[in-house]
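Keep in mind that the numbers below use all heavy atoms, side chains included, and drop hydrogens, waters and symmetry copies.
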Amino acid sequence: MIIVEDGNMRLPFSRGILTRSITSAGVDVGVAYSIAAEVMKDLQKKKKRIVSKDEIRETTYRKLLEHGYKTAARRYIFWSEIRRKGIPMMLLLGGTTGVGKSTIATELAFRMGIRSVIGTDTIREVMRKMISKELLPTIHASSFLAWKAINAPLKGISPLIYGFERQVSHVAVGINALIERATKEGFNAILEGIHLVPGYISLTDMSFMYIITVESKEALRARFYARGLQSLRPANYYTDHLDEIMGLQEFIVERAREKGVPIIENIEVDKTVNLIMEDLMKRLSERLKQKGIRIEVVE
Ligand SMILES: Nc1ncnc2c1ncn2[C@@H]1O[C@H](COP(=O)(O)OP(=O)(O)O)[C@@H](O)[C@H]1O
Ligand SMILES: O=C(O)[C@@H](COP(=O)(O)O)OP(=O)(O)O
């Protein structure tokens, strides 16, 4: 068995771990698994019982090149450098309910080896327990129904947007606290949820936001039916309010345009995940260069 030495830690070589790192470079998981197996064979041929992480990275990088995956090889080295340097960053995925945020967040977390994925609806749930409905009525409803809790006369303002904005501004208190703590503690996390609206959240220089959208009401309807099969969130609770939910998407997209936050139409999960990782690699390396941190990418 091959032992991987990492500082004073020694762990058995795991094809699963190496497969995840290779998929983080955008390689199909089946191909990634077979490349990981080839890497293991090459290391075994060297008859060395203990290998370093650098040797694994080098061998994997060469294997990807041999198989013609030049771009993936560069991405692979980039993300393993990010992990090696333990660079703290936060990814924030906003977008109206049902577009696929938690699905994409889970896949991104797997590929990037990020352990904490936090939904803003969880933050809202905690706030609901601590703050009464009388005091903050708009947080005790779904985003697209918060307007029903408003009993103020609204002149010329859309009740749907006003109710949503109230809920977002309240939940943003918890979101900003999370971002502050992650920055102070230096840990990675992915936040996902409808409350991540550009202009309402204080981003740090190491937090990167994306807005996920669906192309049509029909596509969104299909998402809710698909989710209804996998979870206890009943589809018709959402499909009965598609116009409101799409109205919130419009509002969120406008804010994203104003703030220059990338907007990604989520047609296929894999494509969306690769798009975000590609864009994130560019934004992250630019940001790190500004901070004087160079990520060597082996040519
Ligand atoms: N690109 C996609 N194509 C088809 N179905 C998708 C896609 N992205 C997500 N889904 C499905 O849509 C449903 C809603 O996704 P979810 O991640 O729960 O949305 P959100 O977290 O944005 O509310 C889930 O059943 C998920 O599997
Ligand atoms: O308030 C809402 O629209 C959704 C947000 O869910 P996400 O889009 O954040 O998953 O929460 P729900 O009322 O369904 O529990």
Side-chain angles (χ1 to χ4, degrees), residues 19-32 35 64 67-83 87 89-114 116-120 188-194 196-198 201 203 205-216 218-220 222-223 226-227 246 248-250 252-289 295 297:
T19 302
R20 182 180 73 189
S21 308
I22 300 172
T23 43
S24 74
V27 175
D28 165 79
V29 63
V31 174
I35 290 180
L64 282 165
H67 285 266
Y69 291 101
K70 196 164 179 304
T71 317
R74 286 170 54 81
R75 285 191 205 145
Y76 166 76
I77 286 289
F78 176 84
W79 290 112
S80 48
E81 270 293 283
I82 294 291
R83 276 192 292 274
I87 290 172
M89 67 170 164
M90 289 195 89
L91 201 46
L92 298 97
L93 302 181
T96 197
T97 189
V99 294
K101 299 182 298 295
S102 18
T103 305
I104 291 158
T106 310
E107 182 57 26
L108 280 167
F110 169 74
R111 293 197 191 187
M112 296 168 71
I114 293 181
S116 5
V117 179
I118 303 152
T120 61
N188 284 341
I190 299 183
L191 292 186
E192 59 83 17
I194 191 167
L196 296 169
V197 180
I201 309 294
L203 296 179
D205 63 353
M206 289 304 277
S207 39
F208 302 89
M209 189 187 263
Y210 292 88
I211 295 300
I212 312 294
T213 61
V214 276
E215 70 275 27
S216 69
E218 287 325 305
L220 189 59
R223 301 278 159 94
R227 185 163 75 179
M246 290 301 281
L248 295 185
Q249 169 164 290
E250 241 174 83
I252 295 166
V253 164
E254 268 161 39
R255 301 290 79 70
R257 288 211 177 100
E258 271 165 22
K259 297 288 176 187
V261 170
I263 299 159
I264 301 202
E265 193 178 312
N266 178 25
I267 299 168
E268 262 173 60
V269 177
D270 236 23
K271 282 213 179 88
T272 307
V273 169
N274 281 330
L275 255 175
I276 290 176
M277 290 199 73
E278 192 57 32
D279 183 73
L280 184 59
M281 190 165 93
K282 288 195 194 92
R283 287 169 78 182
L284 192 49
S285 33
E286 266 150 46
R287 197 65 51 81
L288 291 173
K289 224 184 282 171
I295 298 282
V297 182

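Heavy-atom neighbours of Tyr69 OH from other residues, nucleotides or ligands within 6.0 Å: at or below the threshold of 12.
In this structure, the separation between CD1 on Ile194 and CD1 on Ile212 is 13.0 Å, given to the nearest 0.5 Å. The CD1 atom of Ile252 sits 5.0 Å away from the OG1 atom of Thr96 when rounded to the nearest 0.5 Å. Between Leu64 atom CG and Ile35 atom CD1 the span is 4.5 Å, to the nearest 0.5 Å. Separation of atoms CE (Met281) and CD (Glu286) is listed at 11.0 Å; rounding is to 0.5 Å. Annotation: the span from Met209 atom CE to Arg283 atom CZ amounts to 9.5 Å, rounded to 0.5 Å. With rounding to the nearest 0.5 angstrom, the CE atom of Met90 is 4.0 Å from the CG atom of Leu191.
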Trp79 and Ser21: CA distance, side-chain angles, deciding distance, side-chain contact (heavy atoms from CB on, under 4.5 Å) verdict:
CA-CA 8 Å; Trp79 290 112; Ser21 308; over 6 Å; no
Under the side-chain contact (heavy atoms from CB on, under 4.5 Å) criterion, do Met206 and Ile87 qualify, and how do the steps go?
CA-CA 9 Å; Met206 289 304 277; Ile87 290 172; 3.5 Å; yes
Between Leu91 and Met112, is a side-chain contact (heavy atoms from CB on, under 4.5 Å) present by the stated rule, with each step listed?
CA-CA 11 Å; Leu91 201 46; Met112 296 168 71; 4.3 Å; yes
Can you list the steps and then say if Val31 with His67 is a side-chain contact (heavy atoms from CB on, under 4.5 Å)?
CA-CA 10 Å; Val31 174; His67 285 266; 5.9 Å; no
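Of all the heavy atoms in Ala25 and Ala72, the pair that sits closest is CB-O, 3.2 Å. Residue Thr213 comes nearest to Val253 through the heavy atom pair CG2-CG2, 3.6 Å, listed as atom of the first residue, atom of the second, then distance. In terms of heavy atoms, Ile190 sits closest to Ala109 at CD1-N, 3.6 Å. Smallest separation of non-hydrogen atoms from Ala105 and Val117: CB-CG1, 3.9 Å. For Leu92 against Ser207, the heavy-atom pair with the smallest separation is CD1-CB, 3.6 Å. Between Pro198 and Ile211, the shortest heavy-atom contact is CD-CD1, 3.8 Å.
A heavy-atom distance below 4.5 Å is not found between the side chains of Phe208 and Asp279. Side-chain contact between Val214 and Met246: present, with at least one pair of heavy atoms (C-beta onward) separated by less than 4.5 Å. Leu280 is listed as a side-chain neighbour of Tyr210, based on a closest heavy-atom distance under 4.5 Å. Here the side chains of Ile114 and Leu108 are not in contact, with every heavy-atom distance at 4.5 Å or above.
A donor-acceptor contact shorter than 3.5 Å is absent between the side chain of Arg223 and the backbone of Gly100. Between the side chain of Lys101 and the backbone N or O of Gly95 there is at least one donor-acceptor pair closer than 3.5 Å.
For the pair Glu107 and Arg111, the salt-bridge criterion is met [side-chain N within less than 4.0 Å of a carboxylate O].
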Report, one line per pair, each donor and acceptor closer than 3.5 Å where one atom sits in a side chain of residues 257-266; sequence neighbours left out.
| residue | atom | partner | partner atom | Å |
| --- | --- | --- | --- | --- |
| Glu258 | OE1 | Arg255 | NE | 3.2 |
| Glu258 | OE2 | Arg255 | NH2 | 2.7 |
| Asn266 | OD1 | Thr272 | OG1 | 2.8 |
| Asn266 | ND2 | Val99 | O | 2.8 |

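Residues that satisfy the salt bridge (charged side-chain N to carboxylate O under 4.0 Å, His left out) test with Arg227, not counting sequence neighbours, are absent from this structure.
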